[in-house]
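The block underneath contains the structure these notes are about, expressed in structure tokens.
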Amino acid sequence: MNRRQFISRSTLATVGALAPQIIPSRLLGASAPSNEITAAFIGTGGHGTGRNLTCMLACPNVRVVAVCDCNLSKTEAAKAKVNEKFGNQDCEVYQDFREVLARPDIDVVVISTPDHWHVPMALMALEAGKDVFCEKPSLTITQGREIVDMAKKKDRVFQWGIEDRNLIKYWMLGGLARTGAVGDVHTVHCTLPLKPLYKYEDPSAIPEGLDWNLWLGPAEFVEYTPNILHPQRWRQRSDYSGGSLTDWGAHLCDTAQVAISRDESGPVEISGTAKDLGPDSYVDVPYGYHVDYIYDNGAKVIVDNGPVNIRIEGSKGWMQCEGWNGNLTAHDREIFRNKDFANDSRFWPRPKIEHQNFIDAVVSRSEPTYHPEAGHRLASMLHLGHIAIRNGKTIYWDPAKETFTKDADELTADKVYQRELRDWENASLNG
């Protein structure tokens, strides 16, 4: 045997001996099972499945292992989407979210429930040691502060599900306003869409597969009615939501506060009016409203019901986005092409889509774009408008201390500021 043959045969023998120890490439790198982030989705309706699940499945290092909804019929499409993505039948289905939170192998939970469940469920998830992506908004001002405190206490990543700072048009509007493209910004007009009006319905039988007590959760007990589960309907009741003021306001009004550099603070004076729909109306959230917010720097944010629009006015001009993520217009369209504005330190880099932004933060243990404080400050602004309308007077707020500076006893008793939660865990279908 010559030297070359010896080396060749020795090499083959060595490879053969080591073959069982060679690790396939699919088990290495970012996609290795040890590096995967296991996720569960709670709330699998239209937005939960169509938006949040779809976008999270596009994140390369996320593996969805469970879907959950108190209405089991809503889980079928979500489970099918997950199994199709991973080519197996391993996705577990749950009706009670507490079973999801009890699983130690789940790293993150994505909450896409009606608003009244956002914070109570997120608090339980944080307590269980999960990182949380939760739809906006909170239901009360105090709830938002609870999320901030709990995420900090548990050292968990929390992201509110708001996309606007990622959408190039709103990111551009906020950044340009902060950097002087229209001069000193003095007024921002936000127009939010009207929701449908509804009448009361008679109670009906609870559908098979729906845990009605679990859907109500911390909200006051009421009988099931045929269309209550429709998002347009439950959003029109203050037991479950704040209407379009908090729903759509969480989008456009964020850009407004970014534009006036008050996204980490809030208004100091708030007044508002809304249509009186009468005591027999099912709708008890602000409708046909007009709200004026005044900030400590003199800037104003004016919020109305109507066709979706945001218009930013400054000492040197104006700019706006007509419609949701629609056409950008301005007193001079050249401001949208001026690259010098982007070099200003106040014009922050455009973040990734909120789902990947969240996952990146989970991996790096850093703060996502819509961190607890950011979402809380935004929701607080909107809740304050609701409180002003409900109480029929101008209210005064200290954003640094997060307290009312006048009529504090009366206003802190308002259920939009804080409310008692129903003991749903020990309740029955009789309330």
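Note that the structure is a prediction, hence the values are computed from the model and not measured.
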Contact check, side chains of Val108 and Val132, non-hydrogen atoms, under 4.5 Å: no
Flag for His355-Asn357: side-chain donor and acceptor within less than 3.5 Å: no
Just by modelled atom types, is the Gly43 backbone N or O under 3.5 Å from a matching donor or acceptor in the Lys74 side chain? no
Kindly indicate whether a cation-pi arrangement holds for Lys406 with Tyr396, taking the cut-offs as under 6.0 Å to the six-membered ring centre and within 45° of the axis. yes
Backbone of Thr140 reached by a side-chain donor or acceptor of His386 within 3.5 Å: no
Presence of salt bridge, Glu127 and Lys154, under 4.0 angstrom: yes
Separation between CZ (Arg311) and CG (Leu173), nearest 0.5 Å, reads 12.0 Å
Atom CG of Asp276: over 12 foreign heavy atoms under 6.0 Å: no
Which pairs, with at least one residue in residues 356-385 and sequence neighbours excluded, count as a salt bridge (Lys or Arg N to Asp or Glu O under 4.0 Å)? Asp131-Arg365, Arg145-Glu373, Lys352-Asp360, Glu373-Arg377
Determine whether more than 12 heavy atoms belonging to other residues, nucleotides or ligands lie under 6.0 Å from atom NZ of Lys79. no
Test Arg103 against Glu92 for salt bridge (Lys or Arg N to Asp or Glu O under 4.0 Å), laying out the working first. CA-CA 11 Å; Arg103 282 184 54 169; Glu92 294 286 343; 5.5 Å; no
Polar contact flag, side-chain donor to acceptor under 3.5 angstrom, Thr394-Glu269: no
Is a donor from one side chain sitting under 3.5 angstrom from an acceptor on the other, for Gln257 and Tyr295? yes
Taking it one step at a time, do Glu163 and Tyr370 satisfy side chain to side chain donor-acceptor pair (under 3.5 Å)? CA-CA 9 Å; Glu163 66 263 30; Tyr370 280 108; over 6 Å; no
Can you check whether Leu384 reaches Trp397 side chain to side chain, under 4.5 Å on heavy atoms? yes
Say whether, by atom type as modelled, one donor and one acceptor occur between the side chain of Lys169 and the main chain of Asn325 under 3.5 angstrom. yes
Are Trp171 and Phe347 an aromatic pair, judged by ring center distance below 6.0 Å? yes
Any side-chain heavy atom of Val285 within less than 4.5 Å of one from Leu245? no
Spell out, as yes or no, whether a donor-acceptor pair under 3.5 Å connects the side chain of Asp292 to the backbone of Ile302. no
Any side-chain donor near an acceptor of the partner, His376 and Glu146, under 3.5 Å: no
Within a strict 4.5 Å, meaning less than it, do heavy atoms of the Pro399 and Val268 side chains meet? yes
Spatial distance of atom CH2 (Trp234) from atom NE2 (His116) [nearest 0.5 Å]: 8.5 Å
Would you compute the distance between atom SG of Cys91 and atom CG of Asn83 and round it to the nearest 0.5 angstrom? 5.5 Å
Go through Thr191 and Asp304 one step at a time and tell me if the side chain to side chain donor-acceptor pair (under 3.5 Å) criterion holds. CA-CA 5 Å; Thr191 312; Asp304 289 287; 5.5 Å; no
Quick check: are there more than 12 heavy atoms from other residues, nucleotides or ligands sitting under 6.0 Å from CG of Asp202? no
Flag yes if more than 12 heavy atoms outside Glu264 fall under 6.0 Å of its CD atom; otherwise flag no. no
Sequence neighbours left out, what passes salt bridge (Lys or Arg N to Asp or Glu O under 4.0 Å) with Asp344? Give chain and number order. Arg346
Hey, are Arg390 and Asp414 close enough for a salt bridge, meaning a charged N less than 4.0 Å from a carboxylate O? yes
CZ of Arg419 to CD of Glu220, rounded to nearest 0.5 Å, is 10.0 Å
Just by distance, no angles: are the side chains of Asp284 and Ser238 close enough, under 3.5 Å, to form a donor-acceptor pair? yes
Could you check whether any side-chain heavy atom of Val182 comes within less than 4.5 Å of a side-chain heavy atom of Leu176, counting everything from C-beta outward? no
Under the 3.5 angstrom rule, does the side chain of Asp332 hit a backbone N or O of Ile335 as a donor-acceptor pair? no
Taking every heavy atom of Gly243 against every heavy atom of Ser241, the minimum-distance pair comes out as N-OG, 3.2 Å
Indicate whether any N or O donor in one side chain lies under 3.5 Å from an N or O acceptor in the other, for Glu135 and Asn52. yes
Could you measure the distance from the CD1 atom of Ile106 to the CZ atom of Arg63? Nearest 0.5 Å is fine. 13.0 Å
Quick one: are the ring centres of Tyr417 and His383 less than 6.0 Å apart? no
Trp215 ring center within less than 6.0 Å of Trp424 ring center: no
Got a salt bridge between Arg165 and Glu354, using NZ or NE/NH1/NH2 to carboxylate O under 4.0 Å? no
Note: Val283 and Tyr198 closest approach over all heavy atoms is CG2-N, 3.8 Å
Residue set satisfying side chain to side chain contact (heavy atoms under 4.5 Å, CB included) with Pro207, at least two apart, ordered chain then number -> Leu210, Tyr224
Quick check for you: to the nearest 0.5 Å, what is the distance between Asp423 atom CG and Asn426 atom CG? 4.0 Å
Any side-chain to backbone donor/acceptor pair from Glu313 onto His186? Under 3.5 Å, distance only. no
Under 3.5 Å, is there a donor-acceptor pair between the side chain of Arg350 and the main chain of Asn166? yes
Residues in ring pair (Phe, Tyr, Trp, His ring centres under 6.0 Å) contact with Phe158, at least two apart in sequence or another chain: Trp160
For the side chain of Thr225 and the backbone of Pro203, is there at least one donor-acceptor N/O pair under 3.5 Å apart? no
Can the ring centroids of Trp324 and Tyr170 be said to lie less than 6.0 angstrom from one another? yes
Is the shortest side-chain N to carboxylate O distance from Lys415 to Asp239 below 4.0 Å? yes
How about Asn309 and His189: do any of their side-chain heavy atoms sit closer than 4.5 Å? no
If we count only N and O atoms by modelled type, under 3.5 Å, do the side chains of Thr75 and Asp69 hold a donor and an acceptor together? no
Verify the distance criterion only: is there a donor paired with an acceptor across the side chains of Tyr289 and Ser244 at less than 3.5 Å? yes
The salt bridge (Lys or Arg N to Asp or Glu O under 4.0 Å) partners of Glu208 (sequence neighbours excluded) come to none
Heavy-atom donor-acceptor pair, Thr49 side chain to Thr44 backbone, under 3.5 Å: yes
Lys393, NZ atom: more than 12 neighbouring heavy atoms under 6.0 Å: yes
May I ask you to establish whether Arg233 and Tyr240 are in a cation-pi arrangement, using a distance under 6.0 Å from NZ or CZ to the six-membered ring centre and at most 45° from the ring axis? no
Examine distances only and state if a side-chain atom of Asp398 and a backbone atom of Lys401 form a donor-acceptor pair shorter than 3.5 Å. yes
Could you check if a side-chain atom of Tyr282 sits within less than 4.5 angstrom of a side-chain atom of Arg237, using non-hydrogen atoms only? yes
Under a 4.0 Å N-O cut-off, is there an ion pair linking Glu84 with Lys81? no
The complete set of salt bridge (Lys or Arg N to Asp or Glu O under 4.0 Å) pairs with one or both residues in residues 178-200, sequence neighbours excluded, reads Arg178-Asp263, Lys195-Asp247
